[in-house]
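Atoms considered below: every heavy atom in the structure, side chains included; atoms not considered: hydrogens, waters and symmetry mates.
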Amino acid sequence: MAPGDEETSDKTYAKTSDGTYDNERWKERGVMLRVFVYVFATHAFAGFVWLLFYVGQNAQK
């Protein structure tokens, strides 16, 4: 058997009831968390830039 076959994975990670491995669920959660953080950070940065333009436009000249 080659390294990385299912047999070696069975020893390290337990199969769940839906047939996936625990490490796959963990990776999926990590990806979803990363996407959420990136989307939130992008919107926060865009809001900050918008605020800078708003303050600059309404500044006394």
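Counting side-chain heavy-atom gaps under 4.5 Å among Ile, Leu, Val, Met, Phe, Trp and Tyr, the cluster of V35 also holds V31, V39. In the hydrophobic clustering, M32 connects to no other residue, as no ILVMFWY side-chain heavy atoms lie under 4.5 Å from its own.
The stretch residues 33-53 participates, sequence neighbours left out, in these ring-ring contact (aromatic ring centres under 6.0 Å, His included) pairs: W50-Y54.
Atom CD of residue E28 and atom CD of residue E24 lie 9.0 Å apart, to the nearest 0.5 angstrom.
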